[in-house]
Amino acid sequence: MRTFFKLGFVRGLLGQVLGTLFGMGLVTGTRAALGYDPLWAAEPAWVIGGLLGTLGFMIGVGALTDWAKWAIGVETPMHHGAPAGQPEWTRYFAVDLSHKVIGVQYTVWGIMVLLVGGFLATLFRVELLQPGMQYFTTDRYNTLISAHGIIMISAILLGVGGMINYLVPLMIGASDMAFPRLNAFGFWINVPASLLLITAMFVGGWDTGWTAYPPNSLRTALGGPLFFLGFYTIGISSIVGGLNLLVTVFTMRPPSMNLFRMPIFVWAAVGTSVLQLLATQLVGLAMLMLIVERSLHMGFFTPVLNEAAIALNSPPGDPVLFQHLFWFYSHPAVYVFVLPGLGIISELLPVFARKPLFGYKWIALSSIGIAFLGFLVWAHHMFTSGMSNYLRLPFMYATLIIAVPTGVKFFSWLGTLWGGKLTYPTPMLFVLGAISVFLLGGLTGPPAATITTDLYLHDSYWVVGHFHQTFFGGFMFPFFAAMYYWFPKVTGRKYNEALGKLHFWLMLPSFWVMSLGQIWAGLLGMRRRIADYDPALGVQNIQVWITIAAFVIALSILIGLYNFIVSARSAEVAESNPWRSRSPEWQIPSPIPEHSFAMPLAVVGEPYDYGLPGSVYVRMAPAGAGD
Amino acid sequence: MKHFLPVTALVVISTFLVAAGIDSLHLMPQNASVQGETVDWLFGLHFKLIAFLFSLVIVIMVYAVVVFRRRAGDDGEGMHFHGSGTLEFIWTVVPAIIVVFFGYIGTTTLITVTAAQPDEVAIEAVSRQWVWNFNYPDDGFSSEELYLPVGQPIRFDLKAMDVLHAFWVPEFRVKADAVPGRTNVLRITPNRIGEYKLVCAELCGTRHAYMMAPVKVVSREAYSAWVAQKVAEEAAKNTPEARGAALYISQGCKGCHSLDGSKIVGPTWKGLYGSPQELTDGTTVIADDEYLYNSIVKPNLQVVAGYPANVMPQNYGELLTDDNINNIIAYIKTLK
Amino acid sequence: MHGEYRVALRNNRLGLWLFFLSESFLFMGILVSRFYLWGNTRPELNQLNGLLVTTVLLLSSFTMNRAETALVQNDRKTFLNCLLLTVALGTLFLAGVVVFEWGGHIRPSDGAYGAVLFGMTGMHALHVVSGIVFILIVWNNGRRGLYSSEQHWGVEACAIWWHYVDLVWVFFYPALYLMGQAVH
Amino acid sequence: MTTSTMYALAAAAVLILTAGGGVGLAVLFRLTNQLVVGDGRLPRVVLERVVVPTEPMALLRWRREQDEERMAVARRVAAYRSGATVLVVLAALTVFEYVMNLVGISVFGLFVIALVKAAIIVHYFMHVATVFAAGDGH
């Protein structure tokens, strides 16, 4: 029991509750002091409460302790291992500075958030089985889809954070990330953010979708501002995570590892991090503007003017401004989600094909190209918003051009497969599944990119199908591939191969059914985000298939998790390099010791020279040797 | 080279099969507009490209998976090559040419689809939570149904009075958002007589899924007859009650207040006048003229128990003249 | 210099500059909103006040630079005094914005003028406040002798953070007071 | 305020600044000097007679010491002075910006001036070059 209350996580939760109550009290007290009536104003109380609750969590969990000590001039040496006098497992529930622990924390919390988001999806899929409203009110339904969207996005960001934090320092032979405390902060801020998002569902919900378009988001229920706040908080995590990774990659590589000798996943992580670092600020700003417009009536997005504004000759606000700010992040965010996944595909293919990665430089530069182009295409989400053709056309061209670097990746993957000695353990199956699914996403993109056809597809179920394909192909399948692939490295044990294959063979076909069903429903004229559909559209059978497929996907993921949990506790001990990989993290024992590399790394070969007799990629060299 | 022929043959066969499969599925509802023909043509082009690229990647991948699998007992490594600059160059440049070509096609078709027509007729489509309204400025009336003469180019001026909505008739293919504070333009020339549904395609709140309006494309003669009938009705509307009834539709009261006693979002208007209303603060008031006036102008002042506050727009006092408000009250009085 | 400190210093500098880059996107977003909503117009603001607060912030950047230079030259007294002077000037700037600009004839709820004016000055003021808190922390630590002329990352970070806040104002001042046609 | 009044005020400001400010600066020269070059702890002029060593090696060493001391002083003065110079330049640019706006410079022109100011701050105050140096401090 004492141990329980000493866990940073538990203290954080207490801190969040206390902070929220304090914030609410602050608002109510201020209103009392100013003589407002009534004393209780739900929105400011919840917003300030949510803000201070987040701060309370971070204080409670201890993520700010070292910085507070620094501020008053106290030395804060790095701490390794479990908290003093506590068992080893407790470090996963506390602020820990090791990137390996933080990577696991990101991944586990990400999977938990993913389960919540998936659960919401199954709920509204049941509602869509037949026309008419059976189980929910339309308001409740709208809250469910909105929450599904943002919760899944936060889950994907957490999964991306997990993979990047765990793998990148190992792959470049660094002892840790450049800023371990910032790293821990970046993870823990996600926890109060997730809780804010879940709370938002229970204090009235919100019916704007995850896009939060005003003016609807200015009028929606109390869940709205909590959702904005949660989204903003997740954004903070993205920014500090991206910053930390870029510094790590640029300064902490061994001198012998030049940019084109990094494992390919590191390139993808760099692309992702650039987008996270720069683009996220804009969505944060957009969310902040929504909050202040709601609470202080600052008219950024409403075209209605009050009398004083008319007297000032003030121009009106404009809802379309929000869409620009929002998509300037939220389109690149798609590449934040998929670039690491595509990196995983490129990373794993050579290992299971036993031959070099085809066109390393092209794949590496295509990641950077996608990241760069990602900044120039945001307005393709707004082709119907009333922009003139002169504005729409450049965005159409930029969007179509993204197909080029993406195509380079596809063809290079085929080149990697060609002439290999392919084996098909679970990670490889997930990689191949990812390619097929991402291919669907890639092919359903261009019709939505050319404006003429997008005028039909925009806001239809086609779009729903398209982005589920890109997220499953670009994140979910590669994520599970990574989970199975690095499972022996992280836990030191073997996963159950039969269950892994069952997971894959349930998930892949059901996903194809689900997403092709969505595509078809969209073509038949079904809109996005509708609680109820017109039976005359003829999509009911399709909806039944989508729902069944969604449940099979959910089942397969539960099987996968069961496999991970049971195998981590009691499976056979794995050898240190079961896949015969050349990457640095496989040259050290499993599970990885506290200080990953006993000796500095020296890069002495190409990363993917599989099949070249006698060549190695890295050598553990005593300090000073090598290079 | 021994793989070249089988792979090529499989890709070709697969391309034709996939393309034929897509064609046979009847993926979209019947087109009913001139603009839609352009859209459908481009869709056809896209589907052919999709069939080819899908086959190209999937066939090569499946072929490699089958042919290059590790045989039992083989412990060797794969072929050792790092890539091919020529190949990379080809599959960078060829797709780039294809996408630029599609960009060009996209440009020309967009210009076709959005081009202004010399003889176009303007109709104002006004959207509110959660109703559509169509003003026919040339003839000076407004309607809840969208009647369109076949073959007549129409320019829709889209307006939104509260939040974002989007104007979409799937059979007409093209859509556009209705944005508060702006007037977006959408051009459609219906070319097929029939009955369709206009839907709102932008999430706009509670009843978004039900925000629809009937669309009737009729012959020019039928259209003229309908216009004449609407004009006559308009003339008969000069009593306060009738004006109130028109305001009930044009101001969007209909979205939240029913006339048949059912509960939508706000209280029903059936039998409202003169009835006792229990308020959230526990008091009961009789719905008289003053109460109704206040409820329209200051909806949060007296909220009826069981209904949410803050839902009804606060600005009807600015949108409506006192005359109009009295017309609405007169209309409510008729609803026994 | 100690090797570990050198490595940390290099990381810290790169990290802080990347953060500036990230923050620049935030402020660019605000500037874009200003031009999107205001176009080539601006509300009538008190020009004298604008010049005054700009001058005060500029002076504070000078004193901050002087504090850092003094520390490098091992002149502790000037270092600490200049930090306090910077805090005073920063507070004066805040007072100028809050009292004269926010207390003027435009309120936050007054259309796009009010929203953008308060959005820009508010977001900038938030950064000024953070800078002041940062300087006070550094002053307190400096008073206790935690920084030397060779090792003083805290001071350097604080100084360039403060200059960055000034840098933002370099763009905000013309955007608020000079650019576009003043509307009466 | 009408445009003509603004012109008049600006002209008056320029006059007062140039005439009055020049005189003021001259009067406050010593204070200004201290403001510009630092804290006044600079080495004072040494009045006692300096004994110059005669032995060649000692003379060399003495000269080197003298040089180093002068260099150190020069560096210190330069460090302080650069801050003051930057302040003056930035202030001048701000005034220039304000006056040019009265004259009717374009938005683009104002942006260019702001960019110049930003570049000066980034280079001289924020020492952007240190990011690219391998962490060797000042």
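Lettering of chains follows the sequences in order, A, B, ..., and the numbering in each one begins at 1.
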- Query: Given a strict heavy-atom distance threshold of 4.5 Å, which part of Ala166(B) is in contact with chain A: side chain, backbone, both, or neither?
  - Reply: neither
- Message: Quick check for you: among Asp207(A), Asp532(A), Thr302(A), Leu523(A), which has the greatest number of heavy-atom pairs under 4.5 Å with chain B?
- Response: Leu523(A)
- Query: Tell me, side chain or backbone of Val174(B) under 4.5 Å from chain A's heavy atoms, or both, or neither?
  - Reply: both
- Query: Side chain of Asn184(B), backbone of Ser385(A): donor and acceptor closer than 3.5 Å?
  - Reply: yes
- Which atoms of Asn315(B) approach chain A - backbone, side chain, both or neither, heavy atom under 4.5 Å: neither
- Item | Proximal component of Val7(B), with respect to chain A [non-hydrogen, under 4.5 Å] | side chain
- Side chain, backbone, both or neither of Leu457(A) within contact of chain B (heavy atoms, under 4.5 Å): both
- Report the distance from atom CG of Asp534(A) to atom NZ of Lys197(B), rounding to the nearest 0.5 Å. 3.5 Å
- Item | Region of Val113(B) in contact with chain A, defined by heavy-atom distances below 4.5 Å | side chain
- Checking Gln129(B) against chain A: side chain, backbone, both or neither under 4.5 Å from a heavy atom? side chain
- Item | Residue selection (most heavy-atom pairs with chain B, distance under 4.5 Å) from Val304(A), Asp139(A), Thr208(A) | Asp139(A)
- Are Trp91(B) and Ser412(A) close enough that some pair of their side-chain heavy atoms sits under 4.5 Å apart? yes
- With sequence neighbours left out, write down each residue that passes ring pair (Phe, Tyr, Trp, His ring centres under 6.0 Å) with Phe52(B), or none if nothing qualifies. none
- Item | Most contacts with chain B, counted as non-hydrogen pairs under 4.5 angstrom, among Arg219(A), Arg392(A), Lys421(A) | Lys421(A)
- Residue Leu25(B) versus chain A: region with a heavy atom under 4.5 Å: both
- Item | Contact class of Arg69(B) relative to chain A, heavy atoms under 4.5 angstrom | both
- Check whether Tyr104(B) gets within reach of chain A through its side chain, its backbone, both or neither, counting any heavy atom under 4.5 Å. both
- Val94(B), part contacting chain A, at a heavy-atom distance under 4.5 Å: neither
- Query: What do the steps show when you test Trp418(A) against Tyr63(B) for ring pair (Phe, Tyr, Trp, His ring centres under 6.0 Å), and what is the final call?
  - Reply: CA-CA 9 Å; Trp418(A) 199 261; Tyr63(B) 187 88; 5.7 Å; yes
- Message: Report which part of Thr92(B) has an atom under 4.5 Å of a heavy atom belonging to chain A: side chain, backbone, both, or neither.
- Response: both
- For chain B, the option from Tyr533(A), Tyr397(A), Trp362(A) that forms the most heavy-atom pairs under 4.5 Å: Trp362(A)
- Message: For Phe358(A) and Phe81(B), take the angle between the two ring planes, folded into 0 to 90°, and tell me which bin it lands in: parallel under 30, tilted 30 to 60, perpendicular over 60.
- Response: perpendicular
- chain A contact via Ser84(B) - side chain, backbone, both or neither, heavy atoms under 4.5 Å: both
- If you tally heavy-atom pairs under 4.5 Å against chain B, which of Gly419(A), Gly611(A), Pro215(A), Ser366(A) wins? Gly419(A)
